[in-house]
**Q** 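Structure below; questions to follow.
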2 protein chains.
Amino acid sequence: MAKKTKTEIDGSTEERIKEAARIVFTQKGYAATRTRDIAEKAGINLALLNYYFRSKEKLFNQVMLEKIQQLFGMLLPVLSDETTKLEKKIEMVVANYIDMLLANPDLPLFVLSELRGQKEELQKVLPIEKIIQNISFIKQLQEKRPDIQPIHFLMNILGMTVFPFIAMPAFDAVGIIKKNDFEKLIQERKALIPIWVKAMIKAK
Amino acid sequence: MAKKTKTEIDGSTEERIKEAARIVFTQKGYAATRTRDIAEKAGINLALLNYYFRSKEKLFNQVMLEKIQQLFGMLLPVLSDETTKLEKKIEMVVANYIDMLLANPDLPLFVLSELRGQKEELQKVLPIEKIIQNISFIKQLQEKRPDIQPIHFLMNILGMTVFPFIAMPAFDAVGIIKKNDFEKLIQERKALIPIWVKAMIKAK
DNA sequence: GTCTATAACCTGATAGAC
DNA sequence: GTCTATCAGGTTATAGAC
């Protein structure tokens, strides 16, 4: 049996570079990332990175579009399902989101910070008008609480779910949460947030 | 009357540089900021920046320490006051925080993203042990809900309050919120969040 | 496709005149 | 204190050999 090449083990060179780019970009951000770091992590030479992706910026844009979809793309299918009732939707969104974030803890901070000043990017990826209206989630909220803009509840759900991941580096640095306890805390929140949100919706 | 110099109008040169640094660093982050941009914004020469602050990093650290205190420093006095009862504390924290954030909308995203991987910084500034225990806010929460870790409620308050500011660039880019409507929305939340939090604390 | 060597550029920092 | 000019180092991107 012939000895396997790196490519056979880890996938195509192009994909290896992209995977390295995902890791380095999300950890350090665009400006602080050096293409040399990506090349080294991918186990290839710097010239090869440019051979495949032409430039740092083009490589970044590919990664960024993926990450944006990863962060926002999951919301729509759940929120717009007509057959699921409001309470169930809240549970599903929170549970799905938390699972995804536990697998990608630095995703939100990366996307949201790299998004400052780059307005064009998002609008290409997401069908905006459809999100705001026609999402049954919004209608369901309006039926229950016509006196409060549905966007408030969406922000509350996202805030309570996503914020711990954004603040984790700070909370960890300050010693409020040891990194080991974090996942336990987040798992507790998976059950608690839906309870809280339902109470919020009823609150007068 | 003699013509006024720039310094007389805008404050000392050192302070003008620092103010320019605050703006540029918070908008673009450390890595993406060029000292030339700061110098230009301050209306001085690049050499002068180094004359006053020795290096980009030293200037950044000064700004960063300020911003950390601005973001976290306000919490303790309110949360640890023994004479204020829980409900009132919640109202005060939310109202004070929102006012501060409206005046510094990109503060949270800046601090939280620059904090990745820099653990030392925070611990110097904040007396951590005192925060976690001995804060009457924590005790008050434990009395009402001994079955839930107080940190959950702290995260909920901060999440609901801070998250809109972190996500605003994204929400704006995607067209969910026009920038003009943002402040109105935030002002609504100033009254709503305390109501929601109180409902959350009662929820079973 | 992959490498080495290098070009072209940019950025932080300093030297030295005023 | 403030400026101009420049250095030293690092970074992206490409040329050219294999």
Side-chain angles (χ1 to χ4, degrees), chain A residues 2-65 110 113-114 116-118, chain B residues 2-65 110 113-114 117-118 121:
Chain A
K3 181 164 170 254
K4 285 192 180 177
T5 66
K6 226 179 209 175
T7 303
E8 286 173 307
I9 296 167
D10 299 334
S12 73
T13 302
E14 183 170 355
E15 182 50 39
R16 290 221 322 285
I17 296 172
K18 214 168 174 180
E19 179 57 19
R22 287 188 194 101
I23 296 169
V24 181
F25 276 137
T26 39
Q27 276 178 356
K28 315 219 289 180
Y30 177 79
T33 293
R34 294 174 308 162
T35 49
R36 281 171 164 78
D37 296 338
I38 298 175
E40 189 188 2
K41 188 148 213 137
I44 53 97
N45 188 276
L46 172 59
L48 210 51
L49 185 150
N50 287 288
Y51 171 78
Y52 278 103
F53 294 94
R54 299 274 308 176
S55 76
K56 176 186 180 182
E57 197 182 354
K58 284 188 171 59
L59 174 55
F60 176 78
N61 284 339
Q62 287 196 28
V63 172
M64 185 67 178
L65 286 182
F110 167 69
S113 45
E114 295 295 334
R116 293 183 279 194
Q118 297 194 33
Chain B
K3 182 166 171 250
K4 286 192 180 177
T5 66
K6 225 180 211 175
T7 303
E8 287 174 304
I9 296 168
D10 298 334
S12 73
T13 302
E14 183 170 355
E15 183 50 37
R16 290 221 321 284
I17 297 172
K18 214 169 175 180
E19 179 56 20
R22 287 188 195 101
I23 296 168
V24 181
F25 276 136
T26 41
Q27 276 178 356
K28 316 218 289 181
Y30 178 79
T33 293
R34 293 174 308 162
T35 50
R36 282 170 165 78
D37 295 338
I38 297 175
E40 189 188 3
K41 189 148 213 138
I44 52 97
N45 187 275
L46 172 58
L48 209 51
L49 185 150
N50 288 287
Y51 171 78
Y52 279 102
F53 296 94
R54 301 273 310 176
S55 75
K56 176 186 182 183
E57 198 182 354
K58 285 189 171 62
L59 174 55
F60 176 78
N61 285 339
Q62 287 195 27
V63 172
M64 186 66 177
L65 285 182
F110 166 70
S113 44
E114 294 296 334
Q118 297 194 35
E121 207 94 20

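Given the structure is predicted, the values throughout are model-derived calculations rather than measurements. Proteins come first, then strands; the chains are lettered A, B, ... in the order of their sequence lines, and each starts at number 1.
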**Q** Considering only nitrogen or oxygen atoms on both sides, find all protein atoms under 3.5 Å from nucleotides 16-18 of chain C and state each distance.
**A**
none

**Q** Which atoms of nucleotides 7-11 of chain D (N or O only) lie under 3.5 Å from a protein N or O atom, and what are those distances?
**A**
residue, atom, partner, partner atom, Å
D/dT11, OP1, A/R34, NH1, 3.2
D/dT11, OP2, A/R34, NH1, 2.8

**Q** Show every donor-acceptor pair shorter than 3.5 Å between a side-chain atom in residues 56-64 of chain B and any protein atom, with sequence neighbours excluded, or say none if there are none.
**A**
residue, atom, partner, partner atom, Å
B/K56, NZ, B/Y30, O, 3.1
B/K56, NZ, B/T33, O, 2.8
B/N61, ND2, B/E57, O, 3.4
B/Q62, OE1, B/K18, NZ, 3.1

**Q** So if I take every side-chain heavy atom of B/T13 and compare against C/dC3, D/dA13, D/dT2, which nucleotide ends up nearest?
**A** D/dT2
**Q** By side chain to side chain donor-acceptor pair (under 3.5 Å), which residues pair with B/E19, not counting sequence neighbours?
**A** B/R22
**Q** Contact class for B/L46 vs. all strands (heavy atom < 4.0 Å): base, sugar-phosphate, or nothing?
**A**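 The residue B/L46 makes base contact.
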**Q** Just to verify, what does B/R34 make a side chain to side chain donor-acceptor pair (under 3.5 Å) with, not counting sequence neighbours?
**A**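 Residues passing side chain to side chain donor-acceptor pair (under 3.5 Å) with B/R34: B/D37.
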**Q** Taking side-chain contact (heavy atoms from CB on, under 4.5 Å) as the definition, give me every residue that meets it alongside A/A32, ordered by chain and number, with sequence neighbours left out.
**A**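 Expected list: A/K28, B/A31.
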**Q** Nearest heavy atom decides the nucleotide; on that basis, is B/Y51 or A/L48 closer to the 5' end of DNA chain D?
**A** B/Y51
**Q** Per the side-chain hydrogen bond (donor to acceptor under 3.5 Å, both in side chains) rule, what does the pair list look like for residues 41-51 of chain B, sequence neighbours excluded?
**A** none
**Q** Tell me, which of residues 24-32 of chain A have any heavy atom that sits under 4.0 Å from an atom in DNA chain C?
**A**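 Contacts with DNA chain C under 4.0 Å: none.
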**Q** Does a side-chain N or O of A/N45 approach OP1 or OP2 of C/dC3 to a distance below 4.0 Å, or not?
**A**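 No, A/N45 has no side-chain N/O under 4.0 Å of OP1/OP2 on C/dC3.
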